[in-house]
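See structure below.
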Number of protein chains: 2
Amino acid sequence: MVKEPDEKTDGLPDHVGWRLWQASRAWQAEFAAAMRAAGHAWFSEARAGLLGHIPRNGTRQSALIERAATSKQAVQQLLDGLEAEGVLERLPDPRDGRGKLVRYTRKGLDALRDGDRIKLQIERSYIDRIGEQRFAALMDALRSLDAEQGDASGEAPASK
Amino acid sequence: MVKEPDEKTDGLPDHVGWRLWQASRAWQAEFAAAMRAAGHAWFSEARAGLLGHIPRNGTRQSALIERAATSKQAVQQLLDGLEAEGVLERLPDPRDGRGKLVRYTRKGLDALRDGDRIKLQIERSYIDRIGEQRFAALMDALRSLDAEQGDASGEAPASK
DNA sequence: TCCGTATGGTCAAGATACTTGACGATCTTC
DNA sequence: GAAGATCGTCAAGTATCTTGACCATACGGA
């Protein structure tokens with residue numbers, strides 16, 4: 001199946017994983033650039049990945065750790081950074097003396113709002129590029145993949 | 001379009017970027033785990049990203065830098081690591097005294113072979129999960145996105 | 001031929017993201 | 001209460017990527 005690569009068409013990968021990776025990278029780069037251009041200089045892809053797991057009304061830090069597919073220490077360090085930037089704040093959990101609640105500051109909520117706007121812009125440009133139908137099919141397939149997400153893949157490392 | 005988040009269904013993102021990111025991460029994690037299980041302990045996602053840009057018959061380091069969307073120094077450091085692991089080797093380019101050619105060692109080619117096998121396994125499991133039709137639509141959409149890749153996104157930083 | 005400039009690659013230092021290991025504080029269960 | 005689990009933190013190390021400076025070679029024209 002791997003046809004003899006020549007100087008021009010060069011046998012670069014063409015499978016789901018590669019395509020997903022490329023598409024994901026392109027999206028992230030575009031989004032992050034737009035966010036920084038919108039004045040959110042603290043924005044990075046790793047931070048975005050974490051924020052994606054924090055609902056607008058906040059969450060418990062421990063709940064966050066379950067969702068994000070990394071160690072609790074990684075989450076904590078990201079949170080430290082975001083807190084230092086004034087995007088989030090951590091409060092003691094009134095219902096659990098050990099726990100902490102994470103929630104957005106006004107600055108964080110502003111960023112979310114801008115993020116929503118940018119997100120829609122990019123989405124529109126994607127639809128322009130590949131057509132509404134293909135775009136819908138893309139979303140449908142991705143959602144199915146996620147729903148059918150068996151187990152074999154990326155569960156949290158759960159640092160003992 | 002962003003519906004009011006509630007405690008249960010929790011307003012986690014549901015847009016192209018997020019879905020692509022999640023899907024990509026899941027694929028990478030599964031693939032990397034399988035590669036390491038197959039005995040390629042040196043395998044990492046960053047390295048995979050670079051190897052994806054190196055055709056089986058090798059390439060010039062400079063050509064690699066153009067393709068990979070990072071700085072030449074980042075590419076070099078990845079290459080250093082892969083060379084130290086014995087996956088790749090660098091030779092002087094006979095046609096350009098400044099240049100170097102990058103090519104796979106036997107160990108590297110073995111890894112590529114295993115990678116192809118694993119890749120097909122995962123692809124098959126995806127088809128099982130979401131159906132052949134949806135899978136085809138997914139690939140179609142992703143390819144269209146890539147082809148239509150205007151410009152706004154991730155071109156190489158081209159460290160001056 | 002020689003000079004100016006561009007290109008290919010390297011070295012070095014620092015920032016970011018993430019990992020593992022150890023630990024203290026609080027909750028839960030019996 | 002006392003054992004054990006859970007929540008969060010501190011600390012140290014690794015991997016990846018960035019920026020800046022630098023040398024060697026190639027190329028293009030005067």
Side-chain angles (χ1 to χ4, degrees), chain A residues 21 25 28-29 32-33 36 41-53 59-85 87-102 154-160, chain B residues 21 25 28-29 32-33 36 41-53 58-85 87-102 154 156-160:
Chain A
W21 188 67
R25 295 265 299 183
Q28 298 273 0
R36 283 191 281 256
W42 53 268
F43 194 86
S44 78
E45 303 187 7
R47 285 170 171 179
L50 187 64
L51 292 181
H53 289 291
T59 181
R60 294 184 17 199
Q61 185 165 327
S62 58
L64 192 49
I65 289 163
E66 280 174 33
R67 275 192 216 131
T70 53
S71 65
K72 61 181 176 181
Q73 292 91 333
V75 169
Q76 187 184 8
Q77 287 167 36
L78 264 333
L79 287 178
D80 286 348
L82 288 166
E83 194 174 19
E85 293 285 350
V87 177
L88 299 174
E89 53 189 356
R90 278 188 275 198
L91 312 169
D93 184 342
R95 278 175 298 189
D96 187 335
R98 299 164 300 178
K100 296 242 177 116
L101 300 178
V102 177
E155 289 308 314
S159 102
K160 51 174 148 15
Chain B
W21 188 67
R25 295 266 297 185
Q28 299 273 0
R36 283 190 282 254
W42 53 269
F43 194 86
S44 77
E45 304 186 7
R47 285 171 170 177
L50 187 63
L51 293 180
H53 289 291
T59 182
R60 294 182 18 201
Q61 185 166 326
S62 58
L64 192 49
I65 289 164
E66 280 174 33
R67 274 193 216 129
T70 52
S71 64
K72 60 182 177 181
Q73 293 92 333
V75 169
Q76 186 184 7
Q77 287 167 35
L78 263 333
L79 286 177
D80 286 346
L82 288 165
E83 195 174 19
E85 294 286 349
V87 177
L88 298 174
E89 55 190 354
R90 278 187 275 198
L91 312 168
D93 184 341
R95 278 177 295 187
D96 187 333
R98 299 164 301 177
K100 296 243 177 113
L101 299 179
V102 177
S159 103
K160 49 180 149 11

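First the proteins, then the strands, lettered A, B, ... as listed; each starts at 1. Just so it is clear, the values below take in all heavy atoms, side chains as well, and ignore hydrogens, waters and symmetry mates.
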Does A:L79 form a side chain to side chain contact (heavy atoms under 4.5 Å, CB included) with A:L64? I'd like the steps, not just the answer. CA-CA 10 Å; A:L79 287 178; A:L64 192 49; 4.0 Å; yes
Please report, rounded to the nearest Å, how far the P atom of D:dA15 is from the CZ atom of B:F43. 16 Å
To the nearest 0.5 Å, tell me how far B:Q76 CD sits from B:T70 OG1. 11.5 Å
How many whole angstroms separate atom CG of B:L79 from atom C1' of D:dA15? 15 Å
Kindly indicate, with the supporting measurements, whether the criterion side chain to side chain contact (heavy atoms under 4.5 Å, CB included) is fulfilled by A:R90 and A:D80. CA-CA 9 Å; A:R90 278 188 275 198; A:D80 286 348; 2.3 Å; yes
Whole angstrom value for the distance that separates P of D:dC22 from CD of B:Q76: 17 Å
Under 3.5 Å, which donor-acceptor pairs link side chains of residues 42-50 of chain B to any protein atom two or more places apart or in another chain?
unit_1 : atom_1 : unit_2 : atom_2 : d
B:S44  : OG     : B:R47  : N      : 3.2
B:R47  : NH1    : B:W42  : O      : 2.8

With side chain to side chain contact (heavy atoms under 4.5 Å, CB included) as the criterion, how do B:L82 and B:V102 come out once you've worked through the C-alpha distance, each side chain's angles and the decisive distance to 0.1 Å? CA-CA 11 Å; B:L82 288 165; B:V102 177; over 6 Å; no
Treat primed atoms plus P, OP1 and OP2 as sugar-phosphate and everything else as base, then score nucleotides 3-8 of chain C 5' to 3': B for base contact with protein heavy atoms under 4.0 Å, S for sugar-phosphate contact only, - for none. ---BBS
To the nearest angstrom, how far is B:D80 atom CG from C:dT10 atom C1'? 9 Å
OP1, OP2 of D:dT18 versus side-chain N and O of B:S71: anything below 4.0 Å? yes
To the nearest Å, how far apart are A:L64 CG and D:dT9 C1'? 16 Å
Can any side-chain N or O of A:R67 pair as donor or acceptor with the backbone N or O of A:H53 at less than 3.5 Å? yes
Give me the atom names and distance for the closest heavy-atom approach of A:L101 to A:P94. CD1-CD, 3.9 Å
Tell me the interatomic distance from A:Q73, atom CD, to D:dT6, atom C1', rounded to whole angstroms. 14 Å
Test B:K72 against B:Q61 for side chain to side chain contact (heavy atoms under 4.5 Å, CB included), laying out the working first. CA-CA 9 Å; B:K72 60 182 177 181; B:Q61 185 166 326; over 6 Å; no
Report which part of the nucleic acid A:R95 touches: base, sugar-phosphate, or nothing (heavy-atom distance under 4.0 Å, all strands). nothing
Look at A:R90 and D:dT9 and indicate whether a side-chain polar atom (N or O) is within less than 4.0 Å of OP1 or OP2. yes
Write down the protein N/O and nucleotide N/O pairs, taken from nucleotides 14-17 of chain C, whose separation is under 3.5 Å; answer none if there are no such pairs.
unit_1 : atom_1 : unit_2 : atom_2 : d
C:dA17 : OP1    : A:S44  : OG     : 2.6

Closest-nucleotide mapping onto DNA chain C: is A:V75 or B:L101 further toward the 5' terminus? I mean the 5' end. B:L101
For the atom pair OG (A:S62) and NZ (A:K100), what is the distance rounded to the nearest 0.5 Å? 12.0 Å
note: A:R25, atom CZ; D:dC17, atom C1'; distance rounded to Å ~ 10 Å
